[in-house]
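Notes for the one structure printed next.
Here is how names work: the chains are called A, B, and so on, in the same order as the sequence lines, proteins then strands, and each is numbered from 1.
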Amino acid sequence: MTPITDILAGKAAVDSTVTICGWVRTRRDSKAGFSFITVHDGSCFDALQVVAPGNLANYQTEVLHLTAGCSVSATGKLVRSQGKGQSYEIQADSIQVVGMVDDPDSYPIQPKQHSFEYLRTVAHLRPRTNTFGAVTRVRNCLAQAVHRFFHERGFCWIHTPIITASDCEGAGKMFRVSTLDLANLPRKSPAGAPSSDQRSEIKDQRLPVDFAQDFFGKESFLTVSGQLNVECYCLALSKVYTFGPTFRAENSNTTRHLAEFWMIEPEIAFADLAADADLAEAFLKYIFQALLTERADDMKFFAQRIDKDCLARVEKFVSASFERMTYTDAIKHLEAAVAKGRQFEFPVKWGMDMQSEHERYLTEELVGRPVVVMNYPKQIKAFYMRLNEDEKTVAAMDVLAPGIGEIIGGSQREERLEVLDRRLDEMGMNKQSYNWYRDLRRYGTVPHAGFGLGFERTILYATGMQNIRDVIPFPRTPGNAEF
RNA sequence: UCCCCGAUAGCUCAAUCGGUAGAGCGAGCGGCUGUUAACCGCUAGGUUGCUGGUUCAAGUCCAGCUCGGGGAGCCA
């Protein structure tokens, strides 16, 4: 069996006999006595045309009944195509039908344009379409490039836990993980009641649930970020990253949110914010360059049919140097723009969290390249970000890219225990539950930094796809966990 | 979660003021053709998302629900 990608790349000799296996996209009959069958196998964007002569033993009984979606194995001589539209084709000596389509009339994937909304309802079959095949190969290409980038630079991939008992990750609502019987929840004993007398205890629904009886002996959840865990390994292995699924129970119904998505979070020791920004720039350029090199066929398709700008956008991204500016300067630029009459929906003021319109002005209009904005006001950033000497800003950075806005968020972490404790206090957080995180600052602390990248959003950016539900195989969103 | 819009054949959509349910594509059959968004003819295909209401009469009007889309918020 030869992958179609190898044949189209010229790896199989013309006039040699090859076998391809795949699924029928279309069949066109010539009553001169033969048929054209277009077969795709997912190995590349293009399909391969198989010419089926009428003297095949199963021509009348099977070949003439092939429809979209049938699986076949075709063997024959590889030749230069006589027709237009493809370079090679197979003159079939035999076509084995592996699996027919039961009811061609109702086969959900027809050789025509389908709406993405419809294809989501047939997510088990949509990978057979041009678009989802291309998305899938692009996704894989980027994922492989992520690992290759870090591996080449000596990073360790850390498999941070999916289940966490920290209720303190603080990045949004969490999914509870529990084996308790929801219809009969154990309750804590009322004050003064003998704790050993569980069986006769009256189950009062107003009493708090007794999670000591749950599987892990305490409340547990699905992770919303691997960052805190990966910091532990950073302060031992120096260069580490996570790349895995992440879960948010937010009731977000947008084209940019999933309840289950994949996130990449590198973390580097003995490093400051500038080193973090350098890493982010090298990283993004590396994975997008891999995409341009390895998936030119799929990117050409996206440029033709999905978003005509996507190819130029990625090419420009790879070659442009990133602009660096402080948050304070960014605000000055925005204020200058307002003074010149530029309109923003939200007013510009130092201390505000920048809106998407502000970020896009900076990266698209002001500099026309990716921008790294650094040193944000501490009020709008997380507790673990390193406090700067001005005591007003923290060493946080966002990478803003034309066409999307924020693509990466990161920071240098607060490595000084007393400053971290002060920040926890200021934000009214429970120090006790961060003891293991605080230990990292007590035992051989070092400056370290990292960032987070939403993998699906990166795919959106590269392909021009509009909805995040269409760049993950089986999207999980509020009210939808089908398939 | 909030605001707006939508749900009609396998798919994409139409149906005037409330008055017999339509087309294209796809599918089946036939014709034609080194075809490739093929083309021509014929045929089949419908509980108009669900529940209730108004009416002589509801795809159409009203209420509730379910699902989907766009925007906002939250964020990656």
Side-chain angles (χ1 to χ4, degrees), chain A residues 25-39 46-53 64-69 79-87 89 91 101-122 125 129-130 170-173 223-227 242-265 305 345-346 353 355-357 380 382 398-399 404-410 451-461 466-472 475 477-480 482:
Chain A
R25 197 153 262 153
T26 60
R27 187 198 85 236
R28 297 176 296 278
D29 302 323
S30 165
K31 282 301 189 299
F34 53 97
S35 298
F36 301 99
I37 302 162
T38 301
V39 177
D46 288 311
L48 189 63
Q49 175 162 287
V50 176
V51 182
L64 283 179
H65 296 95
L66 289 172
T67 55
V79 297
R80 299 263 177 205
S81 180
Q82 297 172 33
K84 293 170 183 168
Q86 61 278 322
S87 50
E89 64 191 21
Q91 295 284 352
V101 166
D102 277 354
D103 177 15
D105 191 45
S106 64
Y107 179 63
I109 309 296
Q110 298 170 2
K112 57 173 286 187
Q113 276 213 319
H114 291 291
S115 67
F116 291 135
E117 298 83 48
Y118 166 70
L119 289 172
R120 265 169 237 149
T121 69
V122 287
L125 295 169
T129 63
N130 278 333
K173 292 201 185 82
T223 184
V224 294
S225 165
Q227 183 201 315
T242 72
F243 185 6
T246 308
F247 307 88
R248 303 276 167 91
E250 304 285 353
N251 191 6
S252 295
N253 290 289
T254 80
T255 56
R256 305 170 58 75
H257 289 84
L258 291 166
E260 177 183 281
F261 63 99
W262 286 60
M263 192 154 63
I264 298 150
E265 296 171 293
R305 303 296 285 272
E345 189 184 342
F346 294 89
D353 205 357
Q355 299 291 323
S356 182
E357 59 172 346
I380 59 173
D398 283 352
V399 179
I404 188 172
E406 181 188 335
I407 188 168
I408 275 182
F451 62 81
L453 173 78
F455 189 50
E456 285 75 19
R457 289 187 179 177
T458 308
I459 301 170
L460 289 180
Y461 181 71
Q466 295 289 305
N467 196 315
I468 201 164
R469 298 165 194 201
D470 298 327
V471 297
I472 190 167
T477 52
N480 189 354
E482 286 298 303

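- Distance check on atom P: B:rG68 versus B:rU8 gives 14 Å, rounded to whole Å.
- As judged by a 4.0 angstrom heavy-atom cut-off over every strand, A:Thr26 is placed among residues making no nucleic acid contact.
- Nearest to the side chain of A:His257, among B:rU33, B:rA27, B:rC75, sits B:rC75.
- At a threshold of 4.0 angstrom between heavy atoms, the contacts of A:Phe36 include nucleobase atoms, whether or not backbone atoms are also involved.
- Figure legend. B:rG49 is base-paired to B:rC65; pairs are counted as Watson-Crick or G-U wobble with both atom distances under 3.5 Å.
- Here A:Phe247 and A:Phe261 keep their ring centres 6.0 angstrom or further from each other.
- Counted by atom type alone, A:Arg120 and A:Asn480 present zero donor-acceptor pairs between their side chains at under 3.5 Å.
- Across all strands shown, B:rC2 pairs with B:rG71; the Watson-Crick or G-U wobble distances both stay below 3.5 Å.
- The side chain of A:Asn467 places an N or O atom within less than 4.0 Å of a non-bridging phosphate oxygen (OP1 or OP2) of B:rG70.
- Enclosure of atom CD in A:Glu357 by more than 12 non-hydrogen atoms of other residues, nucleotides or ligands within 6.0 angstrom is indicated.
- Spacing of P atoms, B:rU16 relative to B:rG49, comes out at 15 Å, to the nearest Å.
- For the residue pair A:Glu260/A:Thr246, the side-chain donor-acceptor check at 3.5 Å is not satisfied.
- Using a 4.0 Å heavy-atom distance criterion, A:Glu456 is classed as making no nucleic acid contact.
- In terms of polar N and O atoms assigned as donor or acceptor, the side chain of A:Glu482 never comes within less than 3.5 Å of the base of B:rG68 in a complementary pairing.
- Under the Watson-Crick and G-U wobble criteria, each requiring two contacts below 3.5 Å, nucleotide B:rG41 is paired to B:rC29.
- Contact of A:Glu250 with B:rU1 (side chain to base): no donor-acceptor pair of N or O atoms is detected under 3.5 Å.
- A donor-acceptor contact under 3.5 Å is formed by the side chain of A:Gln86 with the base of B:rU35.
- One finds no side-chain N or O of A:Arg28 lying less than 4.0 angstrom from the OP1 or OP2 phosphate oxygen of B:rC39.
- A:Gln466 comes within 4.0 angstrom of no nucleic acid atom, judged by non-hydrogen atoms across all strands.
- Here A:Asn480 reaches the OP1 or OP2 of B:rG68: one of its side-chain N or O atoms lies under 4.0 Å away.
- The nucleotide B:rA15 finds no pairing partner, because no Watson-Crick or G-U wobble arrangement with both distances shorter than 3.5 Å includes it.
- Taking atom P on both B:rG28 and B:rC65, the two are 43 Å apart, rounded to the nearest angstrom.
- A side-chain donor-acceptor contact under 3.5 Å links A:Gln86 and A:Ser81.
- Across B:rC4 and B:rC29, the matching C1' atoms stand 47 Å from one another, rounded to whole Å.
- OP1 or OP2 of B:rG73 has at least one side-chain nitrogen or oxygen of A:Gln355 nearer than 4.0 Å.
- Heavy-atom nearest nucleotides on RNA chain B were determined for A:Tyr118 and for A:Thr38, and the one closer to the 5' end corresponds to A:Tyr118.
- A:Ser115 comes within 4.0 angstrom of sugar-phosphate atoms only, judged by non-hydrogen atoms across all strands, and of no base.
- Spacing between B:rC75 and B:rU60 at atom C1', rounded to whole Å, works out to 41 Å.
- Between B:rC3 and B:rG46, the distance separating the two P atoms is 39 Å to the nearest Å.
- Across all strands shown, B:rA21 remains unpaired; no Watson-Crick or G-U wobble contact has both distances below 3.5 Å.
- A distance of about 14 Å separates the C1' atoms of B:rC11 and B:rA7, rounded to the whole Å.
- Here A:Ile408 lies out of heavy-atom contact (under 4.0 Å) with every strand.
- Between A:Glu456 and A:Trp262, the closest side-chain pair of non-hydrogen atoms falls below 4.5 Å.
- With 3.5 Å as the limit, one finds a donor-acceptor pair spanning the side chains of A:Gln49 and A:Arg28.
- As rounded to the nearest Å, B:rU36 and B:rG69 have P atoms that lie 36 Å from one another.
- Regarding contacts with the backbone of B:rC74, every side-chain N or O of A:Ser252 stays at 4.0 angstrom or more from both OP1 and OP2.
- For A:Arg469 and B:rG69, the shortest distance from a side-chain N or O to OP1 or OP2 is below 4.0 Å.
- Residue contacts shown for A:Thr67 are limited to sugar-phosphate atoms, with no base heavy atom under 4.0 Å away.
- As judged by a 4.0 angstrom heavy-atom cut-off over every strand, A:Gln110 is placed among the base-contacting residues.
- At a cut-off of 3.5 angstrom, counting only N and O atoms as typed in the model, there is no donor on one side facing an acceptor on the other between the side-chain of A:Asp29 and the base of B:rU33.
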